[in-house]
Structure formats: structure tokens, C-alpha cells
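Source: prediction; values computed, not measured. In what follows, every chain begins at residue 1, and chains take the letters A, B, ... in the order their sequences are listed.
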Protein chains: 2
Amino acid sequence: MEAPIKILIADDEADILEIISFHLIKAGFEVHTAKDGSEAIEKANTYAPDCIILDIMMPKRTGFEVCEYLRSNSQFDKTLIVLLTALNDEASHIKGLELGGDDFITKPISPKVLISRISALFRRLQPSVGQNKVINCNDLSIDLTQYKTTLKGVNYILAKKEFELLYLLAAQPGRVFLRGEILSQVWGNDVIVGDRTIDVHIRKIRAKLGIDCITTVKGVGYKFDY
Amino acid sequence: MEAPIKILIADDEADILEIISFHLIKAGFEVHTAKDGSEAIEKANTYAPDCIILDIMMPKRTGFEVCEYLRSNSQFDKTLIVLLTALNDEASHIKGLELGGDDFITKPISPKVLISRISALFRRLQPSVGQNKVINCNDLSIDLTQYKTTLKGVNYILAKKEFELLYLLAAQPGRVFLRGEILSQVWGNDVIVGDRTIDVHIRKIRAKLGIDCITTVKGVGYKFDY
DNA sequence: ATCTATATTATCAAATTGTTAACTGACCTT
DNA sequence: AAGGTCAGTTAACAATTTGATAATATAGAT
């Protein structure tokens, strides 16, 4: 993870702010706080957080109003909005979600639940960041952390470059990778190797696995298809 | 939205299945159902739904087990998983979210809430999918990132130039492209090829796809019309 | 009917990829 | 240190696919 994920929490109850902040900071987030709706908008503009947790009942501007403001501003297109309230009524739920909220958590808040849910939202948002480095596709499994490839449970030993090439392609099944992309991803930008090199490695992968999981797209590149 | 969003619901209570199905269908989703965990996995593989709603308490396999299975398979990377339970306890919440669930809804279910939340999940998911350079027109789909052309779900392999030509035309259906435009877009400005070359490629596309999706505008050029 | 633009077909040239074998250097064994 | 093994690379050639052109046929317009 490069930059820490920024979260802004807006609630008028100081002790809630404090508790949530504590847990979020402990979970590795960068946390900012606001004590009312106006301050929330202000700080949202200042810090451009990745996620904003809004209490609905707040002075100056309600969570709904802040949510509406944020969603009308393209700058916050990718910002997650979590609404927070003591009210457990359906109407608020629906209103919040329809105003563009991404999730809805009812008080009393369990810090564990809050963090689980926020993590789930981010997991969905940044599939690539997912720490799961195992690709499973039908009966083929490619485990980056173990450099291990199994097919129908049987282990196949691929050389480093073969493995990296297969992993790259399989990470985005169906997508065509240009030869140039493959070279820069697997071999790096400064290394200069010929085009034939890719072919030979592709061939070795096909031969070792014995299945036709890599498709040639003539004049374009290769793609994983299985 | 071209294709309808597919949702799979798994619950062992028939009346719940029915009620939810009814509302989801009314909301414009394509709905499939399963009455236990094993059937859920089966149908997930068959229909590749965009969203799977899982009851936690189910015979054969619990919602947790199904969730775990789905999340370990890259085929379902982009599938939303919503967990459903009568239990309102925090432990299930956390377990579900940590297993990769995207949302968690407690029974008794309000159809309105359910649909609001699913819509919210999809709204959030769309932007990343929106990057796709896929042209969809009736039952014809042209995917630039995959260099893949399908008609009624059947894959047709076009050569590079054929594909690029079709993609160019289909990107702006109805618009007539002059021969000069086609040449400079597909072949580039420095390459010099004759006019007949375009005709030949157009013909190959028509022959391969078997449909008349490209119209000749005599004396002017060609246009995509389908 | 004639003229023009496009469609079709066949053919050849060019580009791309597949395959095999050989070379190099790193690493391991003895 | 010599010999062996293996990953990675390249070269050379074969196989295949694709692209372009020319020649001819057809259709559309005036």
C-alpha cells in the first residue's frame, strides 16, 4: 500500500468521534474529523478523503445534506460515503442510499463492524490491492506467493519467467496483452530481449501445462482464456 | 445498460425466495434462485451472476461456505456477494465481511431496502467497469480490450485489420466514414494502400459475421448500421 | 445503354508466430 | 576445478495467417 487511506468522520458527539478515530487509526487509516455538516464539507474539500463517515443528525448541515452535496460534485465521485445514525428506520436507510451513500451503519457502533465494513467497501473498490495473490480459474490455480502452479490438484513446475508470464496473463483473463506490455511487465523496461523470447516462453507454458489456456491474437498479443 | 444485471438468490425458505424474486424482477433484474448452498454454487457457475444474495443458514452448504468458495475463485472476482441472515449478531457480520461479502442485510428483509442497497453496490461498482472499451449493439458485442467479437454469444475471430475496421465503424453507429477517414484511422497516414483494400476487408467482416451490419453509402463510404 | 462505384475472387507478398536447436551463464554437485 | 544441469535467450527456419492488389463481375445511377 502506497499512501494511507484517508477517512473523514463527521459527528457532533465528541466521544464517538474519539472512539472511532482511535480504532480507525489503529487499523492504519489516516483520520480527519469534523463536528458538524459544514465542517465536514470544508474538510472534505481540504483533505480529499477516500471515505467519509457521516452522522445523519448533525448541526448546521445534516448528513443527508452533506451526502447530497458530495454526490453532486464530481470531485467526490470515487469517495465512499458511509452514513451513520441512531435511527434504525427504513426510511432513513433508503433516503441515504438513494442520495448516493455507499453503506449505512446504525448506532450503537461496534468498532469491529465499522472497520470490517469499511474494509469490505475498499476491497470492492480496489480489486487490485487485494492481498490475495492466488488466481483460481476452473481447475487451474496460480499462487504468486508460492510460485506454484497446480492443475486439477497436480503440481506443475514452471520456471520463473514462465510463471511470471502466466501470472500476468491470468491476472486479467480475456484481456489481450500487447507484446510490449508483456516485455515491460515481465522483463522490465531496461532489458532488451527479442520478440521470439516471448513466443518460446508461451510455448513452454503450453507444453508444460498441456492445456490451451493462452490464446494468440495475431498482430496484437496474447490473452489468457480458460 | 445493455444486458440485464443477473442476480442469484439462495435461501431455503421458498416464500422468501418468491418475495425477493418478485421485487427484483420488477426492478429490472434477471433473477435466478437456489434453495441450498450446493445449488447456489452450481447456478453461480452456470449463470455467472453479477450479484449473489446468500442466506447464511442454508442446508448442504451455509452462506459462509458458499461465500468462501466464490471468493477463492477468480471467476467471481467481480461478483457482488450480499449475505442475508436472521441473526443480527455482530460475529456473523464480521465473519461474513471478512470472507469477502460486500454487504450484509438482516431479516426481516424490506424489499425496498434490499433493492436500494443492491443498487448502491452496483452504482459503486460501475465506474471501474465503465473503463471497458466494449461496444454493444443488439446481440453484437465488440470488445477492444479482448479483441473479441461475439454475436448472439458466439465468438467470431476477426483478423486485426478487420477488427479495427469494424470497431471504428461501430464506435459511431450510423455515421458515414469516408474512405479517406477509414484509411487514416485504421491504416495510418503514412501507409499508402488502395481503395479496393477497404472493400475487401469490409467483405471479410460481412462474410465472417454473416450479418449485414455495414452499409455501403455509394460514392461516400461505409457506415455501421445494426 | 452506358458509365461508375462497389463486390467478389484469386493470387501473391508480407508479416507474424511456432518450433527446434544451439549458445550462454548461473548454480550445483562431486 | 571439472562436469552437469537448467533457465533464459537467440538464431534459423517452417508454418500459418494476414494484407494488398489486380482482374473480373455486378449493381446502381443517369
Side-chain angles (χ1 to χ4, degrees), chain A residues 142 144 146-149 155-169 176-225, chain B residues 144 147-149 155-169 176-225:
Chain A
I142 308 168
L144 183 60
Q146 302 192 39
Y147 264 76
K148 191 172 163 185
T149 312
N155 194 21
Y156 288 84
I157 296 166
L158 298 189
K160 186 168 172 254
K161 284 275 186 286
E162 290 161 15
F163 184 89
E164 288 167 357
L165 176 49
L166 177 62
Y167 188 85
L168 173 71
L169 297 182
V176 176
F177 287 80
L178 312 181
R179 297 182 107 86
E181 287 183 273
I182 294 173
L183 285 179
S184 67
Q185 294 289 322
V186 178
W187 276 266
N189 283 313
D190 31 65
V191 185
I192 302 162
V193 295
D195 265 16
R196 259 0 63 237
T197 300
I198 298 175
D199 302 17
V200 172
H201 284 276
I202 293 279
R203 187 183 169 278
K204 285 177 179 169
I205 295 168
R206 285 171 173 158
K208 281 190 182 176
L209 294 184
I211 55 173
D212 198 11
C213 59
I214 296 171
T215 307
T216 304
V217 182
K218 271 225 160 198
V220 187
Y222 293 94
K223 67 176 168 179
F224 180 88
D225 241 332
Chain B
L144 184 60
Y147 264 77
K148 191 172 164 185
T149 312
N155 194 19
Y156 289 84
I157 296 165
L158 300 189
K160 190 176 172 228
K161 282 274 187 288
E162 291 161 15
F163 184 89
E164 288 168 357
L165 176 50
L166 176 62
Y167 188 84
L168 172 71
L169 297 182
V176 177
F177 287 80
L178 311 181
R179 299 182 104 86
E181 286 182 275
I182 293 172
L183 285 179
S184 68
Q185 293 289 323
V186 178
W187 275 265
N189 284 313
D190 31 66
V191 185
I192 301 161
V193 295
D195 266 18
R196 277 328 91 227
T197 300
I198 298 175
D199 303 16
V200 172
H201 285 277
I202 293 279
R203 189 188 164 276
K204 285 178 179 168
I205 294 168
R206 285 171 172 159
K208 281 189 181 175
L209 294 184
I211 55 173
D212 198 12
C213 59
I214 296 171
T215 307
T216 304
V217 182
K218 268 219 158 198
V220 188
Y222 294 93
K223 67 175 171 178
F224 181 88
D225 240 333

Sequence neighbours excluded, which residues qualify as ring pair (Phe, Tyr, Trp, His ring centres under 6.0 Å) partners of F163(A)? Y147(A)
Which side-chain hydrogen bond (donor to acceptor under 3.5 Å, both in side chains) pairs, counting each pair once, include a residue from residues 207-221 of chain A, with sequence neighbours left out? E162(A)-K208(A), R206(A)-T216(A)
Judged by nearest nucleotide, the residue sitting upstream toward the 5' end of DNA chain C, G219(A) or T216(B), is T216(B)
On DNA chain C, which is the earliest and which the latest nucleotide, 5' to 3', with an atom closer than 4.0 Å to a heavy atom of chain B? dA5(C) to dT9(C)
Value rounded to 0.5 Å, distance of CG in L166(A) from CD in E164(A): 11.0 Å
Can you pull out how bent the helix from dA1(C)-dT30(D) to dT30(C)-dA1(D) is, comparing the axes over its first five and last five pairs, to 10°? 20°
Separation between CD1 of I192(B) and CG of L183(B), rounded to the nearest 0.5 Å: 10.5 Å
Report, as a single string ordered 5' to 3', how protein heavy atoms within less than 4.0 Å touch nucleotides 23-30 of chain D: B base, S sugar-phosphate only, - not at all. -----S--
How many whole angstroms separate atom OH of Y222(A) from atom C1' of dT17(D)? 13 Å
Side-chain touch L178(A)/E181(A), heavy atoms, less than 4.5 angstrom: yes
Under 4.0 Å between a side-chain N/O of W187(A) and OP1 or OP2 of dT9(D), yes or no? yes
Residue set satisfying side chain to side chain contact (heavy atoms under 4.5 Å, CB included) with L168(B), at least two apart, ordered chain then number -> F177(B), I182(B), Q185(B), V186(B)
For D199(A), the side chain to side chain donor-acceptor pair (under 3.5 Å) test, sequence neighbours excluded, returns R179(A), R196(A), Y222(A)
When rounded to the nearest 0.5 Å, the distance separating OG1 of T149(A) from CD1 of I157(A) is 9.5 Å
All salt bridge (Lys or Arg N to Asp or Glu O under 4.0 Å) counterparts of K161(A), not counting sequence neighbours: none
Can you tell me the distance, in whole Å, between the CG atom of D195(B) and the P atom of dG19(D)? 18 Å
Would you jot down, in residue-number order, the residues of residues 198-210 of chain A having a non-hydrogen atom under 4.0 Å from DNA chain C? D199(A), V200(A), R203(A), R206(A)
Nearest-0.5 Å distance, CD1 of residue I202(A) to CG of residue L169(A): 5.5 Å
Tell me, which pairs form a ring pair (Phe, Tyr, Trp, His ring centres under 6.0 Å) where one or both residues lie in residues 186-216 of chain B, sequence neighbours left out? W187(B)-H201(B)
Check against side chain to side chain contact (heavy atoms under 4.5 Å, CB included), I214(B) and D225(B): CA-CA 6 Å; I214(B) 296 171; D225(B) 240 333; over 6 Å; no
N/O (side chain, T197(A)) to phosphate O (OP1/OP2, dT9(D)) under 4.0 Å: no
Looking at DNA chain D, which of residues 155-165 of chain A put a heavy atom within less than 4.0 Å of it? A159(A), K160(A), K161(A)
